[in-house]
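Quick notes on the structure that follows.
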Amino acid sequence: MKRTLGTCYYPEHWRQTQWPDDARRMADLGLTWVRIGEFAWGLLEPSFGDYRWDWLDRAVDVLTDAGLSVVLGTPSATPPRWMLDRHPDMLAHDIEGRPRGFGSRRHYCFSHDGYRDDAARMAGQMAERYGDRIAAWQIDNEYGCHDTTVSYSPAARDAFRIWLKDRYGTVRNLNDAWGNIFWSMHYDSFDQIGLPNLTVTEPNPAHALAFRRFSSDQVIRWNAAQADAIRAHSDAPVSHNYMGRVTDFDHFETGRQMEIATWDSYPLGFLLDRVPGGDTAAFLRQGDPDFQAFHHDLYRSVGTGRWWIMEQQPGPVNWAPWNPAPLPGMVRLWSWEAFAHGAEAVCWFRWRQFPQAQEQQHAGLLRPDSSEAPGFAEAAQVARELADAPDVVPAQAPVALIFDYVSQWAWEVQPQGVGFDHFTLCFEMYRALRSLGLSVDILPPDTASLDGYALTLVPGLLAIGDPLRAAIDAAEGLVVTGPRTDLKTPELAIPVPMGPDLPGLAAMSTMEETFPPFAERHLWNGGKVTLWLEHLETSAQVVEATTDGVPVLIRSGKRLHLAGWPDLSAARRILRDLAHEAGLDVRDLPDGLRIRDTGNERFVFNYAAEPRSFDDHDLAPAGVLRLTRPS
């Protein structure tokens, strides 16, 4: 598939006389895609039922006449002020029970039926008018951004009670599943059940996890309403633009409702506000070497193979604690790395920097005066290189990693030790694999086959479901479970007999301990266990233990279980040995150097601020190397 480029454009911000010149410049730059409309509800419908399509009609015409393909966004992330008069109770509430106000964006509660219906109505109106004139759709914008998935509003409370009745059937079933006999927490009716906030101490963890499942299901229901409304009038593919490290709804489930997964990649902003364990000083102007790649691989899975970058950072952003400029060459590197991981399109946010309002400091390809910003030249370079380069051929990676949103919620609800976080655990294992030169596929927790994977990691999974259990049992490659995998039921209770119940590996955890950073446990063969350690009773082979004799890595045949959270040194050593055993090509890469293998090529990327060498090749900072893949 041919790789393409695009940008995000706001025609409503600029004079109509400017649009043809913008469209020509986009086409001359080598762009194919233009996303528009995702924040324009107030202009499209200035009051209820008063539709004003004329400006959007002309914008679509101007862009398509220039040979550009339009991605049209539904504007439900920015309900206009009159919508709050129509639905005064539509606002989400924070954990303190306070309504979130108008004056920004994403100011709605996913559980509000009236606003969901209005959002679907607008999506349907847009699809009916533009369904045969545009090339793709984007539903809403950045679900969950600004901590907006979980709402403690009256609408959420009422919907939660209905959800609980559908899930458990009877209050007795719910009381039994949650263990409500403890602390006299039992209920006599679903109408008595509130939301798990403002309790004196922690709420029942089963209650809190149920609310997190419910909150995710509300996003799924919300997304489905607009997807259905669009498909009634349009055959163009549907997408949503996810964000980095937003984990409070199940992206795999929303992904199954659409044809394409996209995400918004801001390497410098993310480094400074959400990368776990990132080296801020070393990568301040380059971004973390693994954070973008992790999400590329995650969203390739969410999109079942089809994914884009809908927003790619071209310069300083406005929202991180500090906002440096990219090192020269990084805009190009980020783009090529996305293509190496299978992206169909990379679109820069945004075309022109807007001189007003909240994002006025967010750079674009053009400055506010329409002069070229530094990212413009690198975008042009990528366009020229794409025109002359062979297509990227996708291929299954040799290593798989299971990632699970429900497990993230479970360990947020019941971390047991400060810092136990499913995302961080998975990301640190992913970082160790990448530092060894390995390419990785990230898979959902209901994966039914591990065929073709030489090595699979299943870290921190709340419970192993039947499809994955069968896949592990049938896998021909090595499978490593743990830490904290399958120690609880889906309702966050300790099973009896106690877990983990692992396919092909007999073990029981009799106790789990967590400890602070100054109390790490040293391992036989080097490195440490941090934060988490299971005490196992097992007849399996002990491959690795702490220096005081607690088993950490056990094995039976091709099945292994890791009972503690390894630091990077231990993880690299353990995974290096297993990858060698699995027959994989392992490279101990210097800091900042990363590899991605495709069907017939090897891409090498230098994230370091200094030159790096790879075999007989020298890479400058921000260097990209494209080689024939070793056989």
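Predicted, not measured: the structure shown is a model, and the values here were computed from it.
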Glu202 CD: over 12 foreign heavy atoms closer than 6.0 Å: no
Evaluate the side-chain proximity of [Y] to [X]: yes if any heavy-atom separation is below 4.5 Å, no if none is.
{"X": "Asp94", "Y": "Asn197", "answer": "no"}
{"X": "Val219", "Y": "Thr149", "answer": "yes"}
{"X": "Phe349", "Y": "His362", "answer": "yes"}
{"X": "Leu457", "Y": "Leu433", "answer": "yes"}
{"X": "Glu359", "Y": "Trp319", "answer": "no"}
{"X": "Phe110", "Y": "Phe249", "answer": "no"}
{"X": "Val479", "Y": "Leu560", "answer": "no"}
{"X": "Thr7", "Y": "Trp33", "answer": "no"}

Do the side chains of [X] and [Y] get close enough for a salt bridge, i.e. N-O under 4.0 angstrom?
{"X": "Lys528", "Y": "Asp567", "answer": "no"}
{"X": "Arg612", "Y": "Asp591", "answer": "no"}
{"X": "Arg572", "Y": "Glu428", "answer": "no"}
{"X": "Arg594", "Y": "Asp288", "answer": "no"}
{"X": "Asp250", "Y": "Arg213", "answer": "no"}
{"X": "Arg212", "Y": "Asp248", "answer": "no"}
{"X": "Glu337", "Y": "Arg434", "answer": "yes"}
{"X": "Arg306", "Y": "Glu344", "answer": "yes"}
{"X": "Asp446", "Y": "Arg256", "answer": "yes"}

Examine [X] together with [Y] and report whether their ring centres are nearer than 6.0 Å.
{"X": "Trp532", "Y": "Phe515", "answer": "no"}
{"X": "Phe252", "Y": "Phe403", "answer": "no"}
{"X": "Phe294", "Y": "His341", "answer": "no"}
{"X": "Phe211", "Y": "Tyr152", "answer": "yes"}

Where [X] and [Y] come nearest, the two heavy atoms and their spacing:
{"X": "Pro79", "Y": "Trp41", "value": "CA-CE3, 4.5 Å"}
{"X": "Gln313", "Y": "Trp334", "value": "O-CZ3, 3.4 Å"}
{"X": "Gly460", "Y": "Ser407", "value": "O-CB, 3.5 Å"}
{"X": "Thr247", "Y": "Gln408", "value": "OG1-CG, 3.4 Å"}
{"X": "Pro328", "Y": "Ala622", "value": "O-CB, 3.5 Å"}
{"X": "Tyr108", "Y": "Arg106", "value": "OH-NH2, 2.8 Å"}

Donor on one side chain, acceptor on other, [X] and [Y], under 3.5 Å:
{"X": "His146", "Y": "Arg105", "result": "yes"}
{"X": "Gln226", "Y": "Ser76", "result": "yes"}
{"X": "Gln292", "Y": "Ser265", "result": "no"}
{"X": "Glu142", "Y": "Tyr242", "result": "no"}

Tyr453/Asp441 under side chain to side chain donor-acceptor pair (under 3.5 Å): CA gap, chis, key distance, verdict: CA-CA 9 Å; Tyr453 291 106; Asp441 286 341; 2.8 Å; yes
His240/Thr254 under side chain to side chain contact (heavy atoms under 4.5 Å, CB included): CA gap, chis, key distance, verdict: CA-CA 9 Å; His240 173 75; Thr254 51; over 6 Å; no
Arg596 vs Asp297, salt bridge (Lys or Arg N to Asp or Glu O under 4.0 Å): CA-CA, chis, key distance, verdict: CA-CA 11 Å; Arg596 172 67 186 178; Asp297 293 334; 3.8 Å; yes
Short side-chain to backbone donor-acceptor contact, Arg285 and Ala325, under 3.5 Å: yes
Side-chain donor or acceptor of Ser239 paired with backbone N/O of Trp137 under 3.5 Å: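 Yes, the answer is positive, given that a donor and an acceptor are paired below the 3.5 Å cut-off.
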Side chain to side chain contact (heavy atoms under 4.5 Å, CB included), paired with Trp411, selected from Asp421, Leu425, Leu492: Leu492
Worked check of salt bridge (Lys or Arg N to Asp or Glu O under 4.0 Å) between Arg221 and Glu253: CA-CA 10 Å; Arg221 184 170 176 239; Glu253 291 298 326; over 6 Å; no
Six-ring centre of Tyr9, Arg35 cation under 6.0 angstrom, axis tolerance 45°: no
Derivation of the side chain to side chain donor-acceptor pair (under 3.5 Å) call for Asn141 and Asn241: CA-CA 6 Å; Asn141 188 83; Asn241 59 327; 2.9 Å; yes
Stepwise side chain to side chain donor-acceptor pair (under 3.5 Å) check, His296 with Trp263: CA-CA 8 Å; His296 297 341; Trp263 83 285; 3.2 Å; yes
[X] [atom1] to [Y] [atom2] distance, which is reported to the nearest 0.5 Å:
{"X": "Arg576", "Y": "Leu584", "atom1": "CZ", "atom2": "CG", "result": "13.5 Å"}
{"X": "Trp565", "Y": "Glu534", "atom1": "CH2", "atom2": "CD", "result": "12.5 Å"}
{"X": "Met243", "Y": "Tyr266", "atom1": "CE", "atom2": "OH", "result": "7.0 Å"}

Parallel, tilted or perpendicular, as decided by the 30° and 60° cut-offs, for the rings of Trp336 and Phe339: perpendicular
Trace of the side chain to side chain donor-acceptor pair (under 3.5 Å) decision for His561 with Thr481: CA-CA 5 Å; His561 181 71; Thr481 54; 2.8 Å; yes
Trace of the side chain to side chain contact (heavy atoms under 4.5 Å, CB included) decision for Ile574 with Leu562: CA-CA 10 Å; Ile574 291 167; Leu562 189 59; 4.2 Å; yes
Full working for side chain to side chain contact (heavy atoms under 4.5 Å, CB included) between Leu589 and Leu436: CA-CA 6 Å; Leu589 298 176; Leu436 297 171; over 6 Å; no
Worked verdict on Arg350 versus Glu38 for salt bridge (Lys or Arg N to Asp or Glu O under 4.0 Å): CA-CA 13 Å; Arg350 51 194 165 176; Glu38 74 275 15; over 6 Å; no
Worked verdict on Trp308 versus Tyr299 for ring-ring contact (aromatic ring centres under 6.0 Å, His included): CA-CA 8 Å; Trp308 298 11; Tyr299 291 127; over 10 Å; no
